[in-house]
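One structure is given here, and the rest of the page talks about it.
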Amino acid sequence: MNKNFVASSSLDGTVKIYDVRVDSISAVQEFISPFPLLSFDISCDNQFVVAGSEQVDGNLNKKNNKSFANKGFVSDDQVGIFIWDARMDKKEYAVFTETHSNDISQIRCHKQSNMRFMSGSTDGLVCLYDFSETIDEDDAMLFSSTTDVSIQQLGYVGSNSEFFYCVTDMNTLSLWSDDCTLVKDYGSLINEDDSKGPLIDYAVNCDFNEANNSLYLTTGDISGNLDVFNVEIGGVSHLTRLIGGHSDIVRCIEFNFAHNTAITGGEDGLICLWSAI
């Protein structure tokens, strides 16, 4: 997405896009779903918006005659993946309701193909889709696999997005091929013994650097210290430590690999800019 735009999703069921150049608090585009939303992403060409919902009471959806993309909901429809086409007037393109059984915590659009994406859920299921030929949910699903653990984060890895990483709510990390074959299970990231390396209380996130084809993992401790690791097939190796910025849990980090900088946000209410990463 253009650097002048900021996008957000909300439990109010909307995805909104804002233009920072406009002197207004109003969104320049808004996409509305009948379910509260927990996750979303935008396709590589900015044409499609894909969002995943929180689990809801399917009976209420049926009772209230809710629908999306001309599809009504039945009592079994408790979570949904909603797809909008930003070029269309009504924008509603397709909805998938049959795959996941709990909150959809992650949506990630493919880096090269505008009609491919993957979803991850607290039900432990990862699903990869391609809706270029059909919007039928069963036919659009390419592959699926279960991690048996609630999924926190997903992301494509590789020059052609031929792999993806998975971070779970149990703070485990794994690497998969795009046919949902497990490549490497790194196990738990938690480390409570500083003689074995940096203390790790939680995973913050992973970031893939396309320039050098490298995957980086950032972890944190409860005091706000951060550690960055290089993730390879053979294992995880420590690169650098970010200290002195935060005093509480860090919830997010965004790297600018071209300028060797990063920005972080934490529960201490601070946003920190780091240089020479």
Side-chain angles (χ1 to χ4, degrees), residues 1-10 18 20-21 25 38-41 105-106 108 111 120 149-158 163-175 184-277:
M1 190 169 65
N2 187 293
K3 65 181 180 180
N4 293 311
F5 294 94
V6 176
S8 65
S9 66
S10 170
Y18 301 88
V20 298
R21 299 166 299 181
I25 61 173
L38 291 176
S39 54
F40 80 101
D41 202 2
S105 52
Q106 284 281 277
R108 286 290 179 260
K111 299 298 184 181
V149 185
S150 174
I151 293 169
Q152 182 188 118
Q153 299 174 29
L154 295 171
Y156 285 102
V157 178
F163 302 98
F164 66 89
Y165 69 82
C166 176
V167 178
T168 71
D169 283 334
M170 296 297 291
N171 291 294
T172 62
L173 172 66
S174 54
L175 184 67
K184 177 72 173 182
D185 184 357
Y186 299 92
S188 175
L189 300 170
I190 302 300
N191 178 37
E192 299 176 341
D193 184 354
D194 58 6
S195 68
K196 297 180 180 179
L199 294 176
I200 300 175
D201 293 315
Y202 56 90
V204 181
N205 69 353
C206 287
D207 286 277
F208 177 66
N209 185 353
E210 297 180 5
N212 63 6
N213 204 39
S214 296
L215 179 64
Y216 299 103
L217 163 72
T218 303
T219 65
D221 62 32
I222 58 174
S223 297
N225 300 311
L226 297 171
D227 288 279
V228 182
F229 298 82
N230 187 32
V231 181
E232 298 178 309
I233 296 296
V236 177
S237 57
H238 188 258
L239 292 177
T240 189
R241 170 161 261 219
L242 307 178
I243 59 175
H246 293 283
S247 59
D248 207 336
I249 294 173
V250 177
R251 288 300 182 185
C252 56
I253 182 169
E254 180 73 22
F255 286 94
N256 185 327
F257 293 113
H259 294 91
N260 293 319
T261 61
I263 189 168
T264 56
E267 292 191 1
D268 53 9
L270 294 178
I271 296 175
C272 297
L273 177 64
W274 306 83
S275 62
I277 298 300

Using only heavy-atom distances, determine whether the side chains of Thr264 and Trp274 contain a donor-acceptor pair under 3.5 Å.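 A pair is found: one side chain offers a donor N or O, the other an acceptor, under 3.5 Å apart.
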Between the side chains of Ser214 and Asn212, is a donor N or O closer than 3.5 angstrom to an acceptor N or O?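 Yes, because at least one side-chain N or O of Ser214 sits under 3.5 Å from a partner of the opposite role on Asn212.
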One pair to check against side-chain contact (heavy atoms from CB on, under 4.5 Å): Val250 and Tyr202. What are the steps and the verdict? CA-CA 9 Å; Val250 177; Tyr202 56 90; 3.9 Å; yes
Should Ser105 and Asp169 be marked as a side-chain contact (heavy atoms from CB on, under 4.5 Å) after you check the CA-CA gap, both sets of side-chain angles, and the distance that decides it? CA-CA 10 Å; Ser105 52; Asp169 283 334; over 6 Å; no
Could you pull out every donor-acceptor pair under 3.5 Å between side chains of residues 194-201 and any protein atom, sequence neighbours left out?
{"residue": "Ser195", "atom": "OG", "partner": "Asp193", "partner atom": "OD1", "Å": "2.6"}
{"residue": "Ser195", "atom": "OG", "partner": "Asp193", "partner atom": "OD2", "Å": "3.0"}
{"residue": "Asp201", "atom": "OD2", "partner": "Ile222", "partner atom": "N", "Å": "2.8"}

Roughly how far apart are [X] [atom1] and [Y] [atom2], rounded to 0.5 Å?
X	Y	atom1	atom2	result
Asp207	Leu215	CG	CG	8.0 Å
Asp185	Leu173	CG	CG	8.5 Å
His259	Ser275	NE2	OG	12.5 Å
Leu175	Lys184	CG	NZ	10.0 Å
Ser9	Asp41	OG	CG	10.5 Å
Ile253	Cys206	CD1	SG	11.0 Å

Please verify the inter-ring angle class for Phe255 with Tyr216; under 30° counts as parallel, over 60° as perpendicular, anything in between as tilted.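 If you compare the ring of Phe255 with that of Tyr216, the planes turn out tilted.
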So Ile190 and Glu192, side-chain contact (heavy atoms from CB on, under 4.5 Å) or not? Walk me through it. CA-CA 7 Å; Ile190 302 300; Glu192 299 176 341; 4.1 Å; yes
Is any side-chain heavy atom of [X] less than 4.5 Å from a side-chain heavy atom of [Y]?
X	Y	result
Val20	Val6	yes
Ile263	Cys272	no
Leu217	Tyr165	no
Leu226	Val204	yes
Gln153	Asn205	yes
Phe257	Asn209	yes
Met170	Ser188	no

Sub-3.5 Å donor-acceptor pair from the side chain of [X] to the main-chain atoms of [Y], do we have one?
X	Y	answer
Tyr186	Thr172	no
Gln106	Leu154	yes
Asn171	Ala203	yes

Would the number of heavy atoms belonging to other residues, nucleotides or ligands and lying under 6.0 Å from CG of Leu270 be above 12?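 Enclosed.
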Over 12 foreign heavy atoms within 6.0 Å of CD, Glu254: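 Counting neighbours around CD of Glu254, 12 or fewer heavy atoms of other residues, nucleotides or ligands fall under 6.0 Å, so no.
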Please step through side-chain contact (heavy atoms from CB on, under 4.5 Å) for the pair Ile151 and Cys166, ending with a clear verdict. CA-CA 7 Å; Ile151 293 169; Cys166 176; 4.0 Å; yes
What is the minimum heavy-atom distance between Tyr18 and Ser8, and which atoms define it?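 Residues Tyr18 and Ser8, closest heavy atoms: CE1-OG, 3.8 Å.
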Search all heavy atoms of Arg241 against all heavy atoms of His238 and return the closest pair with its distance.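 Nearest heavy atoms, Arg241 then His238: N-CE1, 4.1 Å.
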Under the 6.0 Å and 45° cation-pi test, does Arg108 pair with Phe40?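 Cation-pi check for Arg108 and Phe40: fails.
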Residue of the set Leu239, Leu242, Val228 for which side-chain contact (heavy atoms from CB on, under 4.5 Å) holds with Thr218: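 Answer to the side-chain contact (heavy atoms from CB on, under 4.5 Å) test with Thr218 among Leu239, Leu242, Val228: Val228.
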